[in-house]
Student: 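Below you'll find the structure I mean.
Remember, it's a predicted structure, so these values are computed and weren't measured experimentally.
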Amino acid sequence: MKKHPVETLLYYLAVALVMVISLFPFFYTISSSLKRGSELFSTSLWPEHPSFSNYAKLFQDQPFGDYLLNSVLVSGGAVLLSLGVAVLAAYALGRVSFRGRGVLMMTILGVSMFPQVAILSGLFELVRGLGLYDHLGALVLTDLIFTLPFTIWVLVTFMRELPKELEEAALMDGAGVFTLIFRIFMPLLLPALAATSLLAFIGAWNEFLFALTFTISPEQRTVPIAISMISGGSSFELPWGTIMAASVIVTVPLILLVLLCQRQIVSGLTAGAVKG
């Protein structure tokens, strides 16, 4: 059925409006990161003389590369642990029938709904008791509070949709549970694993409160904390250019990951939503 020209026009106007609202903040961040001095306060959307001095200053004034590495280690560690635990939990919750399964699923979901402040004191005692205070391991452990429930729920949905005949045939051939999970189900779960790992990575990458609470030394800082610690030459100066440069550096890798994996993300989040 052919659409009316007015409907088509309204559709493209709505798409353009969404694109502008979504992309303009990032465009403005890039533009501000390329401005120097008083040019930051000009109303022009793009600097007349773009400069990368803010980016150079960012790495000269502090070991920003080390902070990026810390964030990669924390986010990557949280994702690996989440996937390792979630795959096993998803098999148990999605393929095995036992009493209390629904209650357990709701409990897992409920844990992720608590605000960070509400569980901060309990996590602090746990981190201190394990001897992980002021260590990146504390951030990997505490980030699981939010990455693990989401990962489990997505993978459980996929596990339930996998053919039962495939599992029965594998068990008839003498395959064990771990062989069934990691050698037969795992390849079928790749879209879900790609989607959940990327979204969990973004969540751990942007986490601020736990990183601020459980680390204190500069060597253990992640990029959100490092950006909040950027200061000017005096207490009355806020170096917007340097802050914007840091924001661009932190954001661009995530955008590239999403663009590269967008097909896996879409298929991973939608394939388990429709049966058949």
Side-chain angles (χ1 to χ4, degrees), residues 9 11-76 78-79 136 139 143 194-195 197-209 211-212 215 217-266:
L9 177 62
Y11 170 77
Y12 284 109
L13 286 176
V15 171
L17 179 62
V18 171
M19 292 290 290
V20 170
I21 294 175
S22 302
L23 297 178
F24 180 76
F26 187 62
F27 169 80
Y28 186 78
T29 301
I30 296 176
S31 174
S32 299
S33 70
L34 299 175
K35 295 179 179 180
R36 294 182 298 177
S38 60
E39 195 176 9
L40 280 165
F41 303 99
S42 66
T43 57
S44 61
L45 291 179
W46 192 256
E48 296 182 5
H49 305 286
S51 172
F52 290 93
S53 59
N54 290 320
Y55 293 88
K57 184 179 179 182
L58 178 65
F59 287 91
Q60 290 171 357
D61 294 347
Q62 57 182 325
F64 199 75
D66 294 340
Y67 301 151
L68 287 171
L69 179 60
N70 288 343
S71 287
V72 170
L73 293 176
V74 170
S75 303
V79 169
L136 294 180
L139 305 185
D143 284 348
S197 60
L198 183 57
L199 295 176
F201 184 90
I202 293 175
W205 181 271
N206 294 325
E207 199 285 318
F208 179 83
L209 183 59
L212 180 65
T215 60
S217 61
E219 294 79 12
Q220 304 297 323
R221 287 177 184 168
T222 56
V223 283
I225 305 303
I227 293 176
S228 70
M229 296 291 182
I230 295 176
S231 58
S234 67
S235 59
F236 302 99
E237 179 187 357
L238 190 60
W240 286 113
T242 308
I243 293 174
M244 293 298 181
S247 300
V248 171
I249 292 175
V250 171
T251 306
V252 166
L254 299 181
I255 294 177
L256 293 177
L257 281 175
V258 172
L259 291 177
L260 290 173
C261 304
Q262 60 180 330
R263 185 172 299 177
Q264 289 81 358
I265 295 174
V266 173

Student: Taking side chain as C-beta onward, heavy atoms only, is Ser31 less than 4.5 Å from Ser44?
Tutor: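 Heavy-atom side-chain distance check fails, nothing below 4.5 Å.
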Student: Which atom pair, heavy atoms only, marks the closest approach of Tyr67 to Pro218?
Tutor: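 Looks like CE2-O, 3.1 Å.
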Student: Which residues pass the side chain to side chain contact (heavy atoms under 4.5 Å, CB included) test with Glu219, not counting sequence neighbours?
Tutor: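 Side chain to side chain contact (heavy atoms under 4.5 Å, CB included) check on Glu219 returns Ser217.
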Student: Nearest 0.5 Å, what's the CG-CG distance between Leu199 and Leu257?
Tutor: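 The CG atom of Leu257 is 11.0 Å from CG of Leu199, to the nearest 0.5 Å.
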Student: What's the shortest heavy-atom distance between Arg221 and Asn70, and which atoms?
Tutor: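 Between these two residues, the closest heavy atoms are O-ND2, 2.8 Å.
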Student: Can you tell me how far the CD atom of Glu39 sits from the CD atom of Glu48, to the nearest 0.5 Å?
Tutor: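 Going from CD on Glu39 over to CD on Glu48, the span is 6.5 Å.
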Student: Under the side chain to side chain contact (heavy atoms under 4.5 Å, CB included) rule, collect the residues that match up with Ala211, sequence neighbours excluded.
Tutor: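 Expected list: Leu139, Glu207, Thr222, Ile225.
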Student: To the nearest 0.5 Å, tell me how far Leu198 CG sits from Ser75 OG.
Tutor: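 One gets 11.0 Å once the value is rounded to the nearest 0.5 Å.
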Student: Tell me which donor-acceptor pairs under 3.5 Å the side chains of residues 240-254 have, and how far apart each pair is, sequence neighbours excluded?
Tutor:
from: Ser247; atom 1: OG; to: Ile243; atom 2: O; distance (Å): 2.9
from: Thr251; atom 1: OG1; to: Ser247; atom 2: O; distance (Å): 2.6

Student: When rounded to the nearest 0.5 angstrom, what distance separates CG in Leu68 from CZ in Phe59?
Tutor: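 Reported value, rounded in 0.5 Å steps: 5.5 Å.
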Student: Is there any side chain to side chain donor-acceptor pair (under 3.5 Å) pair reaching into residues 50-62, and which pairs are they, with sequence neighbours excluded?
Tutor: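 Residue pairs with at least one partner in residues 50-62: Ser33-Tyr55, Ser51-Ser53.
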Student: Suppose the criterion is ring-ring contact (aromatic ring centres under 6.0 Å, His included): which pairs have a residue in residues 14-40, not counting sequence neighbours?
Tutor: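 Only Phe27-Trp46 qualify under ring-ring contact (aromatic ring centres under 6.0 Å, His included).
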Student: For Ser22, what residues pass the side-chain hydrogen bond (donor to acceptor under 3.5 Å, both in side chains) criterion, not counting sequence neighbours?
Tutor: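 Ser22: no side-chain hydrogen bond (donor to acceptor under 3.5 Å, both in side chains) contacts found.
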Student: Before you tell me yes or no, could you show the steps for Val223 and Phe64 under side-chain contact (heavy atoms from CB on, under 4.5 Å), namely the whole-Å CA-CA distance, both residues' side-chain angles and the distance that decides it to 0.1 Å?
Tutor: CA-CA 8 Å; Val223 283; Phe64 199 75; 4.0 Å; yes
